[in-house]
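Report on one structure; see the data block that follows.
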Protein chains: 2
Amino acid sequence: MVRRSTVRAATAARKSQILDAALSCFTDVGIEATTIDDIRRCADCSTGSIYHHFGSKEGIASELFIEGVQRLNADLMTKLTRCRTAERAVKTVVTQYSDWVTRNRDLAGYLLNSRDLAMSAEAVEMLHDVNRAHIRRVFEFFAPFVGNGAMQILPVETYIPIISGPIQDYARHWLAGQFTDSPAKVKAVFAEAAWSAMKGADGPRDAKEPG
Amino acid sequence: MVRRSTVRAATAARKSQILDAALSCFTDVGIEATTIDDIRRCADCSTGSIYHHFGSKEGIASELFIEGVQRLNADLMTKLTRCRTAERAVKTVVTQYSDWVTRNRDLAGYLLNSRDLAMSAEAVEMLHDVNRAHIRRVFEFFAPFVGNGAMQILPVETYIPIISGPIQDYARHWLAGQFTDSPAKVKAVFAEAAWSAMKGADGPRDAKEPG
DNA sequence: GTTTTACTAGAACGTTGTTCTAGATTAGGA
DNA sequence: TCCTAATCTAGAACAACGTTCTAGTAAAAC
């Protein structure tokens, strides 16, 4: 049985070289407008090399997308598991995202604006698996805070939009050049807003109102 | 010199026929994957006709996008100007969006997932003008509520993300088939969350609302 | 050293967006 | 009704781009 003990050293470098070139091109002119030849020139490699590693232009786009999501998710989990209170955890979801987007402009812009990417069935499933696993971890982390009344009980599918929706929308506008202040600069506002919308009704306020 | 007093009757019909066909194709397989020939077949017209009316595939996509934004904006303003209190106005922004997306699935999905559309310089400017005018109207409407303390004073660029971000994110997931309940079904939750994050810290100062 | 596998190169192919030219259709004026 | 100009449609032809293919090179396994 042949064992591929070590991937050839140059391979990983070549792949990330192509991915970096692709991200750069996608950022400059958009996915559709970048040609394979653009990427080839920017990565200083041949067409054959690109197709050997990724199979298609869509393969590059998919791998870039999934790898980006995984990096973002991993960074969140690292910071989240250090939190001891519901308030700190909710606010960390917002501030971590703000900082990450500010530090990784190009990749963040790619992730935010490539939602309708036509991906292969395998890539879609891969992405779903990654997302499901991440969401499960996050929900397991937050479950106790909902259980003990520190956070509101809401329909499950509304938690993520309520907490992350605003800062994501802000980030999208900032990345499009429409806002001047970086997400990192205004993160406190969004962290506060998220916590306002999410904290348990501990005060004398009414809990609910007829819609 | 002949003046085109009335646009030829068939023209408007032909254009909207092509736009409808394009939206249908874009929804089914994505913008990049739909060919001019797909649209031609679906709209039952010729290639020449398409290029006469829109100039390019991107021209179709741009016009569809801008027209959709205008319809959405117009619907919001109609409903918004009926509101008399800050709470009702903020909640209306959320519920109107929920209802509109639920009623216009395809178009809403197109608007939400085509942000990175490569548009011509003119189309970009056109869209900016439309957006700026709309945002100015909305802010003029809300200004009094901020002035009298019914709503929080925040950095201007944060209002829209805080109010609309969550329901937009929810809508995106629903349109992608990831959530089962339509935005219209869960709009009350998001309206409540938006108002929680937005209302003045000292309690509402609207006449009708008791502390 | 020989074999096997991983990788690269670049020409060739087929599809697709776009252009072009000729012709059909309609509106307005005698 | 006929004429003229403008608008619109048709579909073949062109050029660009994603992809495939064949041959060849470099590195690991034995």
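Within every chain, numbering begins at 1; the chains are lettered A, B, ... in the order of the sequence lines, protein sequences first and strands thereafter.
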Q: Send over the distance from Ile50(B) CD1 to dT16(C) C1', rounded to a whole Å.
A: 13 Å
Q) If only side-chain N and O atoms of Ser46(A) are considered, is one of them under 4.0 Å from the OP1 or OP2 phosphate oxygen of dA9(C)? A) yes
**Q.** Salt-bridge criterion met for Arg41(A) and Asp44(A) (N-O under 4.0 Å)
**A.** no
Q.
Check this for me: does any side-chain nitrogen of one of Asp75(A) and Lys79(A) sit under 4.0 Å from a carboxylate oxygen of the other?
A. yes
Q: Starting at atom CZ of Phe54(B), determine the distance to atom P of dT19(C), rounded to an integer number of angstrom.
A: 16 Å
Q.
Strictly under 4.0 angstrom, non-hydrogen atoms only: write out the protein contact profile of nucleotides 15-20 of chain D, one letter per nucleotide from the 5' end, B, S or -.
A. --SSBB
Q. For the ring pair Tyr170(A) and Phe179(A), is the centre-to-centre distance below 6.0 Å?
A. yes
**Q.** Between dA12(D) (P) and Arg40(B) (CZ): distance, integer Å
**A.** 10 Å
**Q.** Steps toward side-chain hydrogen bond (donor to acceptor under 3.5 Å, both in side chains) verdict (Glu192(A), Ser196(A))
**A.** CA-CA 6 Å; Glu192(A) 207 60 55; Ser196(A) 289; 5.2 Å; no
Q: Would you please confirm or rule out a distance under 4.0 Å between OP1 or OP2 of dT9(D) and any side-chain N or O of Ser49(B)?
A: yes
**Q.** Closest listed nucleotide, where the reference is the side chain of His52(B) and the choices are dA9(C), dA6(C), dC8(D)
**A.** dC8(D)
Q | Arg14(B) side-chain N/O to dT9(D) phosphate OP1/OP2 under 4.0 Å | A | yes
Q: Could you tell me which residues satisfy side-chain hydrogen bond (donor to acceptor under 3.5 Å, both in side chains) with Asp28(B), sequence neighbours excluded, listed by chain and number?
A: none
Which donor-acceptor pairs under 3.5 Å do the side chains of residues 133-140 of chain A make with protein atoms, sequence neighbours left out?
{"residue": "His134(A)", "atom": "NE2", "partner": "Asn73(A)", "partner atom": "OD1", "Å": "3.4"}

